[in-house]
Amino acid sequence: MKQSIVHIALVVKDYDEAIEFYTKKLNFDVVEDTYQPEQDKRWVVVAPPNSTGTTILLAKASKEEQKNFIGNQAGGRVFLFLNTDDFWRDYNNMVANNIEFVRAPKEAEYGTVAVFKDLYGNLWDLLQLRSDHPISKRNN
């Protein structure tokens, strides 16, 4: 059996401002942006450059209940984890793009990590996993 997680839905206020953030600030690619007239919404998928794994579905909040979770989808915990092949390149680019880091870079047993906020306040880890980390081994 082979299964995989294809998308993670991230609730956003506005498609275009979210696309702008992810493509201009984080250098993600737009994988798909399709209007769905029967539901009057867009299917917007972004992913890190050269990524072949899970993508992010930018899901515009359509109900008041959903709007309450924008920026706090994980109750204040780190929600998403962006692994990179060059931590300091990406960290420095993100700082240059005015990404707010709420925890400074540090070396941990699993690799190098810092915590940043996305445009709505969701917390992300930027990390470079060590080559002997189980996920690094799995992806090679």
Side-chain angles (χ1 to χ4, degrees):
M1 177 192 290
K2 183 174 181 179
Q3 298 179 333
S4 61
I5 297 173
V6 179
H7 308 296
I8 299 286
L10 183 63
V11 182
V12 300
K13 287 181 190 173
D14 179 81
Y15 293 118
D16 293 323
E17 77 178 357
I19 290 170
E20 172 100 4
F21 176 83
Y22 285 99
T23 60
K24 302 285 193 244
K25 302 276 187 172
L26 297 184
N27 298 315
F28 281 26
D29 297 320
V30 175
V31 175
E32 183 176 1
D33 185 352
T34 306
Y35 180 64
Q36 298 179 323
E38 65 282 354
Q39 297 177 31
D40 191 29
K41 68 178 185 179
R42 288 163 62 187
W43 183 263
V44 179
V45 178
V46 296
N50 301 310
S51 173
T52 58
T54 305
T55 61
I56 296 177
L57 172 66
L58 301 176
K60 184 177 175 183
S62 60
K63 301 175 186 171
E64 204 56 43
E65 179 183 9
Q66 294 170 359
K67 290 177 183 175
N68 293 332
F69 289 97
I70 295 171
N72 193 24
Q73 288 192 216
R77 288 188 52 99
V78 169
F79 175 52
L80 297 164
F81 301 80
L82 180 60
N83 190 41
T84 177
D85 64 346
D86 186 333
F87 178 89
W88 291 106
R89 174 199 65 212
D90 292 343
Y91 174 80
N92 289 326
N93 284 338
M94 292 167 78
V95 168
N97 281 322
N98 298 313
I99 300 294
E100 180 183 353
F101 279 84
V102 296
R103 280 190 229 136
K106 72 173 189 173
E107 294 296 325
E109 61 194 44
Y110 52 85
T112 307
V113 63
V115 178
F116 70 94
K117 288 183 180 181
D118 69 14
L119 74 163
Y120 299 119
N122 291 300
L123 297 179
W124 290 62
D125 271 0
L126 172 65
L127 57 107
Q128 182 173 3
L129 294 172
R130 293 171 38 131
S131 60
D132 62 348
H133 187 278
I135 290 177
S136 294
K137 289 181 189 177
R138 185 177 178 182
N139 291 331
N140 289 328

Are side-chain heavy atoms of I99 and L126 found at a separation under 4.5 Å? no
Looking only at non-hydrogen atoms, find the nearest pair between Q66 and K60 and report the distance. OE1-O, 4.2 Å
Treat each ILVMFWY residue as a node, draw an edge where side-chain heavy atoms are under 4.5 Å apart, and state whether V102 and V78 are in one component. yes
Check N27 against K24 and note the closest heavy-atom contact, atom names and distance. OD1-O, 3.9 Å
Using a 6.0 Å cut-off, check whether atom CZ of R103 has over 12 heavy atoms from anything other than its own residue. no
Given the options E107, R130, Q128, T112 meets side-chain hydrogen bond (donor to acceptor under 3.5 Å, both in side chains) only with E107
Hey, any chance I5 and L57 share a hydrophobic cluster, counting ILVMFWY side chains that come within less than 4.5 Å of each other, even indirectly? no
CD of E38: more than 12 outside heavy atoms within 6.0 angstrom? yes
Check: K25 and N98 side chains under 4.5 Å, non-hydrogen atoms: yes
Between Y22 and W124, what is the ring plane arrangement, given parallel below 30°, perpendicular above 60°, and tilted in between? tilted
Which atom of A47 lies closest to which atom of V31, heavy atoms considered: CB-CG2, 3.8 Å
Same cluster or not: F28 versus F101, using hydrophobic residues (I, L, V, M, F, W, Y) connected whenever any side-chain heavy atoms lie under 4.5 Å apart? yes
Flag if over 12 foreign heavy atoms under 6.0 Å of CZ, F69: no
Parallel, tilted or perpendicular: which fits the ring planes of Y91 and W88, with parallel below 30° and perpendicular above 60°? perpendicular
Can you see which heavy atom on N122 is nearest to which on G71, and at what distance? OD1-C, 3.2 Å
4.5 Å side-chain heavy-atom contact, F116 and D125: no
For a 4.5 angstrom cut-off between non-hydrogen side-chain atoms, does L26 reach F21? yes
Do I19 and V30 have side chains that approach each other closer than 4.5 Å (heavy atoms only, starting at C-beta)? yes
Is there a path of hydrophobic side-chain contacts, each under 4.5 Å between heavy atoms of I, L, V, M, F, W or Y residues, that connects F81 with L129? yes
Greater than 12 external heavy atoms within 6.0 Å of E65's CD: no
Any side-chain heavy-atom pair from T84 and R89 closer than 4.5 angstrom? yes
Rounded distance [0.5 Å steps], CD1 in I70 versus CG in N72: 11.0 Å
Working to the nearest 0.5 angstrom, can you tell me the gap between L82 CG and L127 CG? 7.5 Å
Show me the donor-acceptor pairs within less than 3.5 Å that the side chains of residues 6-16 make with the rest of the protein, sequence neighbours left out.
residue	atom	partner	partner atom	Å
H7	ND1	T55	OG1	2.6
D14	OD2	D16	N	3.0
D14	OD2	E17	N	2.8
Y15	OH	R42	N	3.1
Y15	OH	R42	O	3.2
D16	OD1	R42	NH1	3.1
D16	OD1	R42	NH2	3.1

Can you tell if the side chain of D118 reaches within under 4.5 Å of the side chain of F79, non-hydrogen atoms only? no
From CD (E100) to CG (L123), nearest 0.5 Å: 9.5 Å
May I ask whether Y120 and V115 are part of the same hydrophobic cluster, defined by side-chain heavy atoms of I, L, V, M, F, W, Y residues being less than 4.5 angstrom apart, directly or through others? no
Non-hydrogen side-chain atoms of K106 and V113 separated by less than 4.5 Å: yes
May I ask you to check whether over 12 heavy atoms, not counting those of N50, lie within 6.0 Å of atom CG? no
